[in-house]
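Worksheet: the structure to be examined is printed underneath.
Bear in mind that the values here come from a model prediction, so they are computed numbers and not experimental data. By convention in this document, chain letters (A, B, ...) are assigned in the order of the sequence lines, proteins followed by strands, and residues within each chain are numbered from 1.
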Number of protein chains: 2
Amino acid sequence: MSTSEESDRLAGAAVRHIPPASLARLTIYLRALSSMLGEGIDRVSSDELAEAAGVNSPKLRKDLSYLGSYGTRGVGYDVSYLSEQIAAALGLTRNWRVAIVGAGNLGRALAGYPGFGSRGFEVVALFDADQLVIGQEVGWLRVSSIEAMESVLERTGANMAVLSVPAEVAQDLCDRLVASGITSILSFAPVVLQVPDDVQVRKVDMATELQILAYHAQRAQVSNIASKARARLAT
Amino acid sequence: MSTSEESDRLAGAAVRHIPPASLARLTIYLRALSSMLGEGIDRVSSDELAEAAGVNSPKLRKDLSYLGSYGTRGVGYDVSYLSEQIAAALGLTRNWRVAIVGAGNLGRALAGYPGFGSRGFEVVALFDADQLVIGQEVGWLRVSSIEAMESVLERTGANMAVLSVPAEVAQDLCDRLVASGITSILSFAPVVLQVPDDVQVRKVDMATELQILAYHAQRAQVSNIASKARARLAT
DNA sequence: CTCTGTGAAGTACTTCACAGCT
DNA sequence: AGCTGTGAAGTACTTCACAGAG
């Protein structure tokens, strides 16, 4: 038995381990449920929710089954109740205090991102190295100097960080975040960050996404050319 | 035999199908190789490249084996040659013309993203609905009116689009992009987009990423509490 | 009779270990 | 002797089909 499984049992948690693939989808279900709540829908079937989330319904039910049995057979799910259960499983009941490192266009876009503030995430600090940018107001925040990062992180009680800085300085700033006790980092820098095992890093990478699209587009094109060649041969 | 497999054979392509998981990693290898080229390194072993990409070496070799055998046993890989082969497999030899829809902070950040211009991607249009923003210069581009989107897409020969607009208008603009013949879309809007089967959509979602981090952080905490409880019980 | 929840089967990915070049 | 390339074994995820609750 692994340490974490053992810990779950001791902590009395019902959830043992959610597969990464399911975890990613649970956040989508949560958003779909939130928007349904907004529309005044209070009951939903697995078919309907699956449709809204863009997955098939057996997959949705399997995903939900990792959390427990929160539906009613023959009826469906209570939108509000299911939302709460998913939010609880994801750890969204406590408040997360996010520091954004890098106040360029991307950092500002993130600081102003509406869906950010909702669902338990609060942006508590915004850092930059540029003297012209330090001190500027962005939304409710004032940009802090990167030199004072450690003390501001401490004072604001940040427990998550977003890295929206150039690739060259990402590893250095990442190291400083880790040294300050941050263990959850979302990076937009196009580099592989080296961190200790107990630090979680997730990476969002525009170049990767475009290249994956390019691959599929090229394939589609090749298929198309081949189809035409085949059509010619057939005549 | 599926249509696409058949097409590959007819087109004479060596590559049949790259698993999605491998595809995502190939883009990372490509970046690592580019940076090695920049440093003047011209030979690399699977161990070294795997280290740089943050994966283990059997996985890297397996990934590369989907493309072909481009290494030399007992020696390693030629950095430049392997780069070219990966780029070719990903479809990066042709030039991709990208339109960015939405010129808010995020759209501007994307338009100015350096890694964007390199590797075959060129931003050819930038759209917004705000009269105050239309006509502004962002880098080398002038922001076009969203009303003229169809004609500008046509004129600029855009063949990929990035959606950096609010969730409420994302589906509508997506439909217009699809109607204009765009078949590759990268969306930053936090909604599930409905598109025909022949259109590829990839989604980047900040909220999802943070929620996944929150889940892991919460788990780490629970484990920690449990460990302490266990330590107490043991005494 | 409807719709959920879930073992079991099927599929895809990862890891392993070593054969095969150089 | 060293490092790649790859079948085969192992693991994780997805799909299926139906048992089971209402």
Side-chain angles (χ1 to χ4, degrees), chain A residues 1-2 4-5 14-29 32-33 36 41-79 81-83 85-86 89 212 215, chain B residues 1-2 4-5 14-29 32-33 36 41-79 81-83 85-86 89 212 215:
Chain A
M1 186 188 275
S2 81
S4 65
E5 280 172 56
V15 179
R16 297 227 149 223
H17 166 78
I18 303 174
S22 291
L23 184 54
R25 287 189 298 269
L26 283 168
T27 69
I28 311 294
Y29 307 152
L33 288 167
M36 285 173 181
I41 300 166
D42 50 35
R43 212 173 53 188
V44 70
S45 69
S46 62
D47 276 350
E48 291 160 348
L49 184 53
E51 160 83 23
V55 301
N56 56 29
S57 64
K59 192 186 278 183
L60 176 130
R61 291 200 301 275
K62 191 64 162 179
D63 287 340
L64 294 181
S65 78
Y66 292 117
L67 311 185
S69 304
Y70 300 124
T72 308
R73 292 172 194 229
V75 178
Y77 303 89
D78 180 87
V79 173
Y81 180 63
L82 184 58
S83 290
Q85 294 307 321
I86 297 178
I212 293 172
Y215 169 76
Chain B
M1 185 187 276
S2 82
S4 65
E5 281 171 54
V15 180
R16 300 230 147 222
H17 165 78
I18 302 175
S22 291
L23 184 53
R25 286 189 299 269
L26 284 168
T27 69
I28 311 295
Y29 307 152
L33 289 167
M36 286 173 180
I41 299 167
D42 49 35
R43 213 173 51 188
V44 71
S45 70
S46 62
D47 276 350
E48 291 160 350
L49 185 52
E51 160 84 24
V55 301
N56 55 27
S57 64
K59 193 186 274 181
L60 176 129
R61 291 200 300 276
K62 191 64 160 180
D63 288 341
L64 294 182
S65 80
Y66 293 117
L67 310 185
S69 304
Y70 299 125
T72 307
R73 290 170 197 230
V75 178
Y77 303 89
D78 179 86
V79 173
Y81 180 63
L82 184 58
S83 289
Q85 295 306 323
I86 297 178
I212 293 172
Y215 169 75

Margin query: Please confirm whether the shortest side-chain N or O distance from Ser46(B) to OP1 or OP2 of dT4(D) is below 4.0 Å.
Written below: yes
Notebook entry, point to check: Between Tyr70(A) (OH) and dT6(C) (P), how many Å, whole number?
Noted result: 11 Å
Check: When you measure from the side chain of Lys59(A), which nucleotide among dT4(D), dT15(D), dT14(C) comes out closest?
Finding: dT15(D)
Next item on the list: Search all heavy atoms of Ser83(B) against all heavy atoms of Leu33(B) and return the closest pair with its distance.
Entry: OG-CB, 3.3 Å
Check: The side chain of Ser69(B) lies closest to which of these nucleotides: dC13(C), dC3(D), dT6(D)?
Finding: dT6(D)
Next item on the list: Please figure out whether Pro20(A) or Ser65(B) has its closest DNA chain D nucleotide nearer the 5' end.
Entry: Ser65(B)
Next item on the list: Would you mind reporting whether Val55(A) and Tyr29(A) have side-chain heavy atoms less than 4.5 Å apart?
Entry: yes
Next item on the list: Let me know the distance between CG of Leu82(B) and P of dT4(D), rounded to the nearest Å.
Entry: 11 Å
Checklist line | Nearest-angstrom distance from the residue atom CG of Asp63(B) to C1' of dC13(C) | finding: 10 Å
Next item on the list: Give the rounded distance in Å between these two atoms: OH of Tyr66(A) and C1' of dT4(C).
Entry: 16 Å
Item checked: Value in whole Å for how far the P atom of dT4(D) lies from CD of Gln85(B) -> 16 Å
Note to self: What does the B/S/- profile of nucleotides 16-22 of chain D look like, 5' to 3', with a 4.0 Å heavy-atom cutoff to protein?
What the structure shows: BB-BBBS
Checklist line | side chain to side chain contact (heavy atoms under 4.5 Å, CB included) between Leu26(B) and Tyr66(B), worked out | finding: CA-CA 10 Å; Leu26(B) 284 168; Tyr66(B) 293 117; 6.0 Å; no
Checklist line | Which atom of Ile212(B) lies closest to which atom of Ala24(A), heavy atoms considered | finding: CD1-CA, 4.0 Å
Item checked: Of all pairs that satisfy salt bridge (Lys or Arg N to Asp or Glu O under 4.0 Å), the ones with a partner from residues 60-78 of chain A, not counting sequence neighbours -> Arg25(A)-Asp63(A)
Next item on the list: Quickly work out the Ile18(B) CD1 to dC13(C) P distance and round it to whole Å.
Entry: 12 Å
Checklist line | Integer-rounded Å distance: dC3(C) P and Leu64(A) CG | finding: 16 Å
Notebook entry, point to check: So, Tyr77(A) side chain and Leu49(A) main chain: donor-acceptor pair closer than 3.5 Å or not?
Noted result: no
Item checked: Tyr77(B), nearest nucleotide to its side chain (from dT4(C), dC13(D), dT4(D)) -> dT4(D)
Check: If every non-hydrogen atom of Ile18(A) is compared with every non-hydrogen atom of Ser22(A), which pair is closest and at what distance?
Finding: CG2-CB, 3.9 Å
Margin query: Could you tell me how far apart Leu67(A) (CG) and dT6(C) (P) are, to the nearest whole angstrom?
Written below: 11 Å
Checklist line | Sugar-phosphate only, base, or nothing, as touched by Arg25(B) at under 4.0 Å among non-hydrogen atoms | finding: sugar-phosphate
